[in-house]
Amino acid sequence: MNYWLLKSEPDVFSWDDLVKKGPSVWDGVRNYQARNNLKAMKKGDKALFYHSNIGREIVGIATITKPFFPDPTIDDERWVAVEVKAQKKFKNAVTLDTIKNTPALAKLPLVTHSRLSVMPVSELDFVLLCDMGGIVS
DNA sequence: GCCAACGTTGGC
DNA sequence: GCCAACGTTGGC
């Protein structure tokens, strides 16, 4: 199993929206690196759900429910989407500030490549972040 | 709301 | 193929 981190602006699509909506199409990615990460996702992979701009914190874990398929929002074969659903909400959100102040997490792409919206996370980092979020992954 | 970082586009 | 111009992201 692989682990990921997905960014979303909560005023566009928040964790609560994901919970409400159930399985949701993760579309609109227009960046090759992020796209390649989407393509590497498998059903059952786990993804941390991060609120960018507002909150700037990891709020929960989502599960990949469908591997990649052509992005339905654009007529261009280059871009793909996946389907995700909410799995578990963090008891306490883990803020970007906290992550930056945690030496073990200094190499997270979230810190080093702040503009990447879909990124891989190692199993070790994933488990640590879940622990910091107050839940067992 | 500003702006730095960075990705993309297009002229040459 | 280079690079200037431009657009977008996201932290602050």
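None of the values given here were measured: they were computed from a predicted structure. Protein chains get the first letters and strands the later ones, always in sequence-line order, with residue 1 at the start of each.
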Starting at atom [atom1] of [X], determine the distance to atom [atom2] of [N], rounded to an integer number of angstrom.
X      : N      : atom1 : atom2 : result
A/E57  : C/dG10 : CD    : P     : 16 Å
A/L108 : C/dG11 : CG    : P     : 13 Å
A/H113 : C/dG11 : NE2   : C1'   : 16 Å
A/R30  : C/dT8  : CZ    : C1'   : 13 Å
A/N101 : C/dG11 : CG    : P     : 15 Å
A/L116 : B/dG7  : CG    : P     : 9 Å
A/N36  : B/dG7  : CG    : P     : 13 Å
A/R78  : B/dT8  : CZ    : P     : 9 Å

Inset, instruction - Write out the stems for DNA chain C, ordered by first number and formatted as range with range, counting runs of at least 3 consecutive Watson-Crick or G-U wobble pairs under 3.5 Å. - result: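 Output for stems: B:1-12 with C:1-12.
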Legend entry - Interface with DNA chain B, restricted to residues 48-55 of chain A and to heavy atoms under 4.0 Å: none
Inset, instruction - Consider only side-chain N and O atoms of A/S52 and A/E9, and report whether a donor and an acceptor are under 3.5 Å apart. - result: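 There is no such pair between these side chains.
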Legend entry - Side chains of A/N37 and A/W4, donor plus acceptor under 3.5 Å: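 No, no side-chain donor-acceptor contact under 3.5 Å.
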Legend entry - Residue list, side chain to side chain contact (heavy atoms under 4.5 Å, CB included) with A/F13, at least two apart or on another chain: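 Partners of A/F13 under the side chain to side chain contact (heavy atoms under 4.5 Å, CB included) test: A/S8, A/D17, A/L18, A/K21, A/S24, A/W26, A/F49.
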Legend entry - Partners passing salt bridge (Lys or Arg N to Asp or Glu O under 4.0 Å) against A/D97 (at least two apart in sequence or in another chain): none
Inset, instruction - Could you tell me which residues satisfy salt bridge (Lys or Arg N to Asp or Glu O under 4.0 Å) with A/R30, sequence neighbours excluded, listed by chain and number? - result: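 Salt bridge (Lys or Arg N to Asp or Glu O under 4.0 Å) check on A/R30 returns A/D71.
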Inset, instruction - Could you tell me whether the phosphate oxygens of C/dT9, OP1 or OP2, come under 4.0 Å of any side-chain nitrogen or oxygen in A/K7? - result: no
Legend entry - Any A/K100 side-chain N or O less than 4.0 Å from OP1/OP2 of C/dC12: yes
Run the side-chain donor-acceptor check on residues 119-134 of chain A: report pairs under 3.5 Å with partners two or more places apart or on a different chain.
from, atom 1, to, atom 2, distance (Å)
A/S122, OG, A/D125, N, 3.1
A/S122, OG, A/D125, OD2, 3.3

Inset, instruction - Find out whether A/V82 and A/M41 are in side-chain contact, i.e. whether some heavy atom of one side chain is under 4.5 Å from a heavy atom of the other. - result: yes
Legend entry - pair A/L6-A/Y50: side-chain heavy atoms closer than 4.5 Å: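 No. Closest side-chain heavy atoms not under 4.5 Å.
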Inset, instruction - Would you check if the distance from the ring center of A/W79 to the ring center of A/Y32 is below 6.0 Å? - result: yes
Inset, instruction - Identify which nucleotide among B/dT8, C/dG11, C/dG7 has an atom closest to any side-chain atom of A/R115, counting heavy atoms from C-beta outward. - result: C/dG7
